[in-house]
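Right, one structure below, let's go through it.
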Amino acid sequence: MKVQSYLSFEGRCDEALGFYKKALGAEVVQLMRYSEAPASATSGAPSDNADASCGGATPSGDKVMHAVVRIGETELMASDGRCSGQAEFKGVMLALTASTDAEARQWFDALADGGQVMQPLIPTFFTSSFGMLNDRFGVSWLLVVHQAS
C-alpha cells in the first residue's frame with residue numbers, strides 16, 4: 001500500500017508548482033488541464049468525472065485538473081480543486097529531511113518567501129537544524145536535518 005498527499009491549491013496550482021520548482025527543485029511529472037478532459041458524447045460538455053471533482057462547477061479549461069510533482073524521492077499530487085481561491089491545509093504538515101544544515105537553510109528560506117515562519121530554523125537536542133513554516137499557499141512544512149544514529 002502507498003499513501004500519497006494530494007494538495008488542492010484552489011485555483012493557484014500553476015503558481016504553486018512554479019514556486020516549488022524554484023524553491024525545492026521540484027519536477028512536474030504529470031499535468032492534465034480541465035481542457036483535456038474527455039467531452040460527453042452527447043452534450044460536448046466536460047465529462048461527469050470532471051464535474052464531480054469540482055462539486056458540479058467545472059473550472060476554466062486552463063486550470064489544473066491533476067498533477068504529479070516529484071520533490072526528491074517523493075511524489076505529491078495536486079490540482080486547482082474547486083477553484084474557490086481559499087486553499088486550507090489544516091492539521092497536515094509536509095516534512096522535509098535535509099542532509100546538511102546548509103541544505104535545510106536553503107529550503108527553509110526559499111519556502112518562507114512570502115509565507116509565515118512558525119518556528120525559526122534552530123539547533124535542538126534532537127537535530128542540528130529544525131524549523132516549521134507555512135508557505136505562501138498555506139502549506140505547512142517541517143524541516144529537519146537527518147542525524148546519523
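Panel note: side chain D135, backbone G115; no donor-acceptor pair is recorded below 3.5 Å. When atom types are taken as modelled, the side chain of E36 and the backbone of M32 share no donor-acceptor pair closer than 3.5 angstrom. A donor-acceptor pair under 3.5 Å is absent between the side-chain atoms of N134 and the main chain of W141, judged by distance alone. In this structure, the side chain of R33 engages the main chain of D62 through a donor-acceptor pair within 3.5 Å. Formation of a donor-acceptor pair under 3.5 Å by the Q4 side chain with backbone atoms of M77 is not found in this model.
Note that SG of C13 is 12.5 Å distant from CE of M65, once rounded to the nearest 0.5 Å. Atom CD of Q106 is separated from atom CG of L143 by 11.0 Å, given to the nearest 0.5 angstrom. Atom-to-atom distance recorded for T124:OG1 and Q119:CD is 9.0 Å, nearest 0.5 angstrom. The distance from the CG atom of L31 to the OG atom of S79 is 10.5 Å, given to the nearest 0.5 Å. Considering CD of Q147 and CZ of F125, their distance stands at 11.5 Å, rounded to 0.5 Å. Atoms CZ and CG, on R70 and L76 in that order, are 11.0 Å from each other to the nearest 0.5 Å.
Looking at L142 and F130, their side chains come closer than 4.5 Å, going by heavy atoms from C-beta outward. When side chains are defined from C-beta on, S5 counts as touching L94, because their heavy atoms get closer than 4.5 Å.
A salt bridge does not link D101 with R105: every distance from a Lys NZ or Arg NE/NH1/NH2 to an Asp or Glu carboxylate oxygen is 4.0 Å or more.
Contact record, G81 with S8: CA-OG, 3.4 Å, taken as the closest heavy-atom pair. Nearest heavy atom pair, residue A104 against residue A98, reads N-CB, 3.6 Å. In terms of heavy-atom proximity, K63 sits nearest to C83 at CG-SG, 3.9 Å. Contact detail for R12 and R136: the closest heavy-atom pair is NH1-O, 3.8 Å.
Put simply, Y34 and V69 are part of two different groups of oily side chains (I, L, V, M, F, W, Y) that touch within less than 4.5 Å, one to the next. Linking Ile, Leu, Val, Met, Phe, Trp and Tyr residues whenever their side-chain heavy atoms come within less than 4.5 Å leaves V68 and F19 in two separate clusters. When hydrophobic clusters are built by joining Ile, Leu, Val, Met, Phe, Trp and Tyr residues whose side-chain heavy atoms come closer than 4.5 Å, directly or via intermediates, F108 is grouped together with F137. In the hydrophobic clustering of this structure, V145 does not group with L121; members are Ile, Leu, Val, Met, Phe, Trp, Tyr whose side-chain heavy atoms approach within less than 4.5 Å, directly or through other members. Transitive grouping of hydrophobic side chains (ILVMFWY, heavy atoms separated by less than 4.5 Å) brings Y20 and V117 into a common cluster.
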Run the ring-ring contact (aromatic ring centres under 6.0 Å, His included) test on F89 and F9 for me, step by step, so that the C-alpha distance in whole Å, both residues' side-chain angles and the decisive distance to 0.1 Å come before the verdict. CA-CA 9 Å; F89 301 99; F9 290 100; 5.8 Å; yes
